[in-house]
There are 2 protein chains.
Amino acid sequence: MKNTLVHRLREMILSGELPAGERLTEIGLAEKLSVSRTPVRAALPILAADGFLDTVGKRGYKVRSFDPEQSLQQLELRSVLEGLAARYLAKKGPSTGLIKEIDTCLAEGDAIFSKGYVTEDDEDAYGEMNARFHSLIVDNCGSKPVQEMLAKINNMPFIGPSVLVFNQIGLERAYGMLFRAHGHHHTLAEAIRLGEGDRAEAIFREHGNTQRESLFSRVEASLEERS
Amino acid sequence: MKNTLVHRLREMILSGELPAGERLTEIGLAEKLSVSRTPVRAALPILAADGFLDTVGKRGYKVRSFDPEQSLQQLELRSVLEGLAARYLAKKGPSTGLIKEIDTCLAEGDAIFSKGYVTEDDEDAYGEMNARFHSLIVDNCGSKPVQEMLAKINNMPFIGPSVLVFNQIGLERAYGMLFRAHGHHHTLAEAIRLGEGDRAEAIFREHGNTQRESLFSRVEASLEERS
DNA sequence: CTTTTTATTTTTGTATACAATAAATATCTT
DNA sequence: AAGATATTTATTGTATACAAAAATAAAAAG
């Protein structure tokens, strides 16, 4: 993304500087950000389309309130779409180059878990690999509409890959969770190789439950933080 | 929608006045439409987000080329999401009021097909009822993310409910197609009533194939038209 | 005192001017 | 003449002024 202003506003919303429910006027934001109305006018519809803002009547926007239930639904939606992508990929059959890249991801994960525990550094490495693995599936599924939808979902608040951080839940718990998720990666890769579309889709849907667990932890942590 | 300019541009794209691949500059469009750059500047990102335009580099947009394959993928994506909505609805159980509204749709459809044939007027009535039926499922599925995604898909070119018109394929063929689709509605309603989420989802996915057939016909017709 | 109408204020919609940047062309050096 | 560099041109980014519309407040009528 190039537009720096939508990023600034995203951060302000996620950090709570712009609290949920707050009404946003072009003039007010322009003054607060020391720019003219024109760029904020360009940024607001984008943020609304990304799910950060709600339109209030036909006049202006307000910060969308954070709804944990809705975040879970977003997460599930992503799993469904990724499942569909996996089905497509299994159906058409992955290229040999793609299989190699997938195997690289699997090997990296195996290396991490072979120790029997995970460190904080491992989490970063796993997160990077995990994102790459998912991208491999989605980018090669052959359906641009699915890709674009997933890109939008990944831009939505609270569920993008970047927030799947595990450092708030304890390393022991993270180990089990990540290990299980990595197991899904293995079985998914197998299903794709074998051309088993139904199975690939089912695995990815179940895979989402792992992420859901992580989000629950995150919500709990953020709630404790505010008390 | 309020923004009349995006509508005008949509029409110009769909009608071919702005041919696929054409580069769009703010100043050029502003002159052609006799407005200033400001409103077109607001409209272009919206059209891009809706899938009518592609970004060319970091500088401007071009009209996205019409790809039949991609339209089919969009259609399938919609079926998958509607299937998910149907699953949700079946899982949580529909309210009695909702069941009544669904039954009303079913009865309207039955009345249309009881004659054994369809007229052009019937097509309008069926189309209206069909849209209402689908809305009932989606609006009551309980997942705002799914609803918003479907709203976006319905805004995309060539697959919105409004283009599911059948007057180009002959009334005999339309009868069979619509009758089959209506049968899906019946079985779907039953699955929802019985709380059979898996079945509801499967039916709606299959339901999409009917629409796919209609789109094929439409594409053929539009290709013949241009020759 | 309530309701309707009118005036005021707030906020968004549009137009235009200017600045910044990327693309294209021309110029210069070797 | 080829490549690199400067200059020009085209196009988007930003700021500001003004117009239109909507919300709010005030005033008048019943």
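First the proteins, then the strands, lettered A, B, ... as listed; each starts at 1. Just so we're clear, the structure is a prediction, and the values are computed from it rather than from any experiment.
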### Task
Answer whether the closest heavy-atom distance between the side chains of A:Leu9 and A:Leu29 falls below 4.5 Å.
yes
Distance in angstrom units between [X] [atom1] and [N] [atom2], rounded:
| X | N | atom1 | atom2 | value |
| --- | --- | --- | --- | --- |
| B:Arg41 | C:dA15 | CZ | P | 15 Å |
| B:Leu33 | C:dA15 | CG | P | 11 Å |
| B:Glu31 | D:dT12 | CD | P | 12 Å |
| A:Ile46 | D:dG13 | CD1 | P | 10 Å |
| A:Leu29 | C:dT12 | CG | C1' | 14 Å |
| B:Leu24 | D:dT11 | CG | C1' | 13 Å |
| A:Arg23 | C:dT10 | CZ | P | 13 Å |
| A:Glu26 | D:dA15 | CD | P | 13 Å |

### Message
Between C:dT12 and A:Arg59, counting only base atoms on the nucleotide and side-chain atoms on the residue, is there a donor-acceptor pair under 3.5 Å?
### Response
no
### Side-chain donor/acceptor contact of A:Arg37 with base of C:dG13 under 3.5 Å
yes
### Pairs involving residues 90-107 of chain A, ordered by first then second residue, that meet salt bridge (Lys or Arg N to Asp or Glu O under 4.0 Å) (sequence neighbours left out)
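Residue pairs passing salt bridge (Lys or Arg N to Asp or Glu O under 4.0 Å), neighbours aside: A:Asp103-A:Arg193.
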### Query
Which pairs pass salt bridge (Lys or Arg N to Asp or Glu O under 4.0 Å) with one or both residues in residues 125-151 of chain B, sequence neighbours excluded?
A:Arg64-B:Glu148, B:Glu108-B:Arg132, B:Glu128-B:Arg132
### Task
Give the nucleotide from the list C:dT12, C:dT16, D:dA15 with an atom nearest to the side chain of A:Ile27.
C:dT12
### Task
Determine the interplanar angle of the A:His184 and A:His207 rings, folded into 0 to 90°, and report it as parallel if under 30°, tilted if 30 to 60°, perpendicular if over 60°.
perpendicular
### Pairing of B:Glu76 and A:Arg87 as salt bridge, 4.0 angstrom limit
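So B:Glu76 does not pair with A:Arg87 through a salt bridge.
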### Task
Give a yes/no on whether any side-chain N or O of B:Thr38 is located under 4.0 angstrom from OP1 or OP2 of C:dT14.
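No.
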### Message
Just to be sure I understand the rule, does A:Thr25 reach a base, reach only the sugar-phosphate, or reach nothing, if contact means heavy atoms closer than 4.0 Å?
### Response
sugar-phosphate
### Message
Categorize B:Gly60 for me: base, sugar-phosphate, or nothing, with a 4.0 angstrom heavy-atom threshold over every strand shown.
### Response
sugar-phosphate
